[in-house]
Amino acid sequence: MKRHASLPYVSMLVLLVCITALDYFTGAEYSSFTFYLLPIAIAAWYTNKNITTAMVLISAVCWLVCQQLTGKEYQSLLAPYWNVMLRLITFALVANLILTVRNSLDALTAIAMRDGLTQLNNARAFRSKYDIVRALAVRRRSPLAVAVIDLDGFKQVNDSKGHAVGDDVLCKFAWLLNDASRSSDIVARMGGDEFMVILADASEASARAYDARVRKAFDASGLKEAYGIDFSMGVVSYAVPPQDIARATQAADALMYTAKHDGKAHTAFEHVANLAAA
Ligand SMILES: Nc1nc2c(ncn2[C@@H]2O[C@H](COP(=O)(O)OP(=O)(O)OP(=O)(O)O)[C@@H](O)[C@H]2O)c(=O)[nH]1
C-alpha cells in the first residue's frame with residue numbers, strides 16, 4: 001500500500017490545531033493534556049528526532065498559551081511555568097520512548113534482511129527487493145537480469161581446511177561479488193555457497209559484461225589458487241521481467257545447473273525477449 005510522504009506532517013499539524021482549539025474552548029476546568037501526546041507520537045514514529053523535538057516544544061507552548069488564555073488563576077507566578085516544565089518533561093519522555101522503540105524495530109528489521117555471515121541481503125530481502133526493482137523496470141521499460149551463482153568445489157574447502165576457513169572464503173567471494181556489482185543491483189546470499197544477483201537495467205550485453213567483470217575480480221582475488229574453487233553462473237536477461245520472482249530465479253537456476261553439468265567454472269546465458277513465448 002502506498003503512503004503519501006506528507007501524510008504524517010499534515011495529520012500531526014491538523015491534530016495539534018484541533019487539540020489546541022479543544023483545550024481552549026473547554027476551558028481551564030477540563031484537562032486536554034493527554035491529547036497533545038497524539039501528534040507527538042506521530043512525529044516520533046514517522047518523522048525524525050529534530051521534528052519530534054520541535055513538536056514537543058510547540059505542544060508545550062500551545063498548552064501553556066491555552067492555560068493563560070482560559071484565565072486559569074494561580075496563587076504563585078511561577079506555578080504555570082512549573083506546570084509547563086512538567087508537561088514538557090512528560091512529552092519528551094513519551095517521545096523518547098517511541099523513538100527508542102522505532103529505532104530498535106528498524107535495527108531488528110535490518111538484521112532480519114541481512115545474511116549473518118556475509119552481511120549481504122538474505123533470501124527474504126532478495127525476494128522483497130525484486131518486487132521494487134521489477135516495478136521500476138516495468139515503469140521505465142528497462143530490461144532486467146537475474147543471476148544465480150554457485151561455487152564449484154567449495155565442500156572440499158570445508159573438508160580439508162575446516163569450516164572457519166570455509167566461512168572466510170564465502171565472505172571473500174561475497175565481497176568481490178558485491179564490489180563487481182553496481183549499487184543499484186541487489187546482491188544476496190541465498191544459503192550455503194549459492195548467491196543471486198538482480199542486475200537492474202541490464203540488457204543481454206550488460207549481463208555478459210557483468211559476468212566478465214565478476215570473473216576478472218575472481219581471478220584477481222587468488223581464491224582459485226589458494227582453495228581450488230571456481231564458480232558456475234546462470235544468467236537470464238528479460239526485456240520485460242516476470243512478475244513472479246520464482247519464475248525468474250528458476251530459469252537462472254536451471255541455467256546455472258546447465259553450466260555445472262557442462263564442466264563448471266563458466267556461465268550459461270539466456271535472453272527472454274517475450275515472456276509469453278518463454
Ligand atoms: N563454511 C561454511 N560452509 C557452508 C555453509 N553453508 C553451507 N556450507 C557447506 O557448503 C557446501 C555446499 O555443498 P556443495 O555445493 O554440494 O559443494 P560443492 O563442493 O561446491 O559442490 P559443487 O557445487 O557440485 O561443486 C556443503 O559442504 C555445506 O556444508 C556456511 O555457512 N559456512
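Everything numeric in this text was worked out from a predicted model, so none of it was measured. Any value given below was found using the heavy atoms of this structure, including those in side chains, with hydrogens, waters and symmetry copies removed. Counting starts at 1 for both ligands and their atoms, in listed order.
Aromatic ring centroids of Phe195 and Phe173 lie under 6.0 Å apart. A centroid separation of less than 6.0 Å is found between the aromatic rings of Phe91 and Phe33.
Judged by distance alone, with hydrogens and angles left aside, the side-chain atoms of Arg134 form a donor-acceptor pair with the main-chain N or O of Pro242 at under 3.5 Å. Without hydrogens or angle criteria, Arg127 side chain to Ile245 main chain gives no donor-acceptor distance under 3.5 Å.
Heavy-atom proximity to atom 23 (O) of ligand 1, evaluated over His163, Lys161, Lys260, Glu194, is greatest for Lys260. Looking at Asp159, Asn158, Asp168, Asp167 and measuring to atom 28 (C) of ligand 1, the nearest heavy atom belongs to Asn158. The option with the heavy atom closest to atom 11 (C) of ligand 1, from among Phe154, Phe231, Tyr257, is Phe154.
With respect to atom 31 (O) of ligand 1, the closest heavy atom belonging to the protein is Arg189 NH2, 2.9 Å. Residue, atom and distance of the protein heavy atom nearest to atom 19 (O) of ligand 1 are Lys155 N, 2.9 Å. Scanning all protein heavy atoms for the shortest distance to atom 21 (O) of ligand 1 gives Gly153 N, 4.3 Å. At the top of the distance list for atom 6 (N) of ligand 1, counting protein heavy atoms only, stands Gly192 CA, 3.3 Å.
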Stepwise salt bridge (Lys or Arg N to Asp or Glu O under 4.0 Å) test for Arg215 and Asp230: CA-CA 9 Å; Arg215 292 207 177 269; Asp230 211 307; 3.6 Å; yes

Test side chain to side chain donor-acceptor pair (under 3.5 Å) applied to Tyr210 and Asp185, step by step: CA-CA 11 Å; Tyr210 177 72; Asp185 296 340; 5.7 Å; no

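Using a 4.0 Å cut-off between heavy atoms, Leu170 contacts ligand 1 through its side chain alone, with no backbone atom that close. Only the side chain of Asp193 comes within contact range of ligand 1, with a heavy atom under 4.0 Å; no backbone atom does. Using a 4.0 Å cut-off between heavy atoms, Val169 makes no contact with ligand 1 at all. At a heavy-atom distance under 4.0 Å, only side-chain atoms of Lys264, from C-beta outward, approach ligand 1.
The salt bridge (Lys or Arg N to Asp or Glu O under 4.0 Å) test with Asp152 is passed by exactly one of Lys264, Lys260, Lys224: Lys260.
Interface atoms of ligand 1 facing Gly166, defined by a heavy-atom separation under 4.0 Å, are 1 (N). Close approach to Asp152 involves these atoms of ligand 1, each under 4.0 Å from a residue heavy atom: 20 (O), 25 (O).
Remark: atom 17 (O) of ligand 1 lies closer than 4.0 Å to at least one protein heavy atom.
Some N or O of Leu151 is nearer than 3.5 Å to an N or O of ligand 1, by distance alone. Residue Leu117 has no nitrogen or oxygen atom sitting less than 3.5 Å from a nitrogen or oxygen atom of ligand 1, judged on distance alone.
Between His261 and ligand 1 there is no heavy-atom distance shorter than 4.0 Å.
Side-chain atoms of Thr100 and Asn96, non-hydrogen and from C-beta on, do get closer than 4.5 Å to each other. In this structure the side chain of Tyr130 reaches within 4.5 angstrom of the side chain of Leu144, judged on heavy atoms.
With rounding to the nearest 0.5 angstrom, the NE2 atom of His266 is 11.0 Å from the CE atom of Met233. Here the straight-line distance linking atom CD1 of Ile42 with atom OG of Ser11 works out to 4.0 Å at 0.5 Å rounding.
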